[in-house]
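After the structure tokens below, expect a handful of questions from me.
Worth saying up front: this structure is predicted, and the values here are computed from it rather than measured. Order of listing sets the numbers, starting from 1, for every ligand and every atom in it.
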Amino acid sequence: MITLLQNFEVDKLAALNYDLEENLLEDRVLKATSKFLSLILRHKPQIVGIELDEHGWADVEELIKRVKGLDLEKLEKIVETDEKRRYSFSADKKLIRANQGHSIAVDLELEEQKPPEILYHGTAERFSTSIKAQGLLKMSRQYVHLSDNVETAEKVGRRHGKAKIFIVESGKMFIDGYKFFFSVNGVWLTEKVPAKYLKERF
Ligand code: HQG
């Protein structure tokens, strides 16, 4: 009896493990696919031979055709579960686009918004001297990316090395006429941040 029970438990565990492995694998496949989508929808649609319209939309059917292994189910799962909500479908699900982060010129039709008094920018320590001299520049992207919380800025900074956080006096910038936009996934965007609006966070 005991042996039977034990065997049963082992079987259950084995089944559970199997599921875990499957889930892990699926998770990895989805993450890798999401990264690839980011490359296509923000930077280089031409690598799979598609074009984005002026608002950054790609045709879903076309995209699925051009990306090996991609289907609507996977795409829906990525849009729903992506940790940064990087992508959106159009209302009829025929189009998909990245919510922000583009290096190619697209008009996301974002409305100008009044930012909070303070925003944060996470970068790497080694860029600090240059940023203090030149301010924040958009570099290869369409906008400088800012967050309303330190944790996000720290994560963004760590992507580049030892994180360094700058506090952005966005309230003052807004009064001085600088435009701010808020992406549908919660990223604050602006063209540039002159050095006089920056404070180092120690
Ligand atoms: C730095 C990720 C020297 C800037 C994140 C940054 C974000 C300067 C780097 C999004 C500078 C550009 C964007 C200056 C700015 N001198 N360095 N004057 N001005 N820089 O990747 O903000 O995961 O283009 O500080 O979460 O790091 O892709 O920008 O370190 O939201 O969805 O130049 O990308 O989102 O790097 O990241 P990036 P970012 P995803």
Parallel, tilted or perpendicular: ring planes of Phe180 versus Trp188, cut at 30 and 60 degrees: perpendicular
Atoms in ligand 1 with a heavy atom of His121 nearer than 4.0 Å: 4 (C), 22 (O), 25 (O)
Lys138 and ligand 1 - part of the residue with a heavy-atom distance under 4.0 Å: neither
Any N/O pair Leu137/ligand 1 closer than 3.5 Å: yes
Pair Glu117 + Lys172: basic N to acidic O under 4.0 Å: no
Close side-chain approach of His102 and Leu108, heavy atoms under 4.5 Å: yes
Plane angle bin for Phe181 and Tyr143 - parallel if under 30°, tilted between 30 and 60°, otherwise perpendicular: tilted
Option nearest atom 36 (O) of ligand 1 (shortest heavy-atom distance, choices Lys192, Arg86, His160): His160
Mode of Arg42 contact toward ligand 1 - side chain, backbone, both, neither (heavy atoms, under 4.0 Å): side chain
Any N/O pair Ser140/ligand 1 closer than 3.5 Å: no
Top protein contact for atom 34 (O) of ligand 1, by heavy-atom distance: Arg141 NH2, 3.3 Å
For atom 8 (C) of ligand 1, the protein heavy atom that lies nearest, with its residue and separation: Ile131 CG1, 3.7 Å
Proximity flag Gly135 to ligand 1, non-hydrogen atoms under 4.0 Å: yes
side-chain contact (heavy atoms from CB on, under 4.5 Å) evaluation trace for Leu30 with Lys77: CA-CA 8 Å; Leu30 289 178; Lys77 206 150 197 183; 3.8 Å; yes
Common cluster, Leu72/Leu95, ILVMFWY with side-chain heavy-atom separation under 4.5 Å: no
Lys155 and ligand 1 - part of the residue with a heavy-atom distance under 4.0 Å: neither
Residue selection (non-hydrogen contact nearest atom 39 (P) of ligand 1) among Arg126, Arg159, Lys164: Arg159
Interatomic distance, Met139 atom CE to Ser103 atom OG [nearest 0.5 angstrom]: 13.5 Å
For Gln134, the ligand 1 atoms whose distance to one of its heavy atoms is below 4.0 Å: 14 (C), 16 (N), 18 (N)
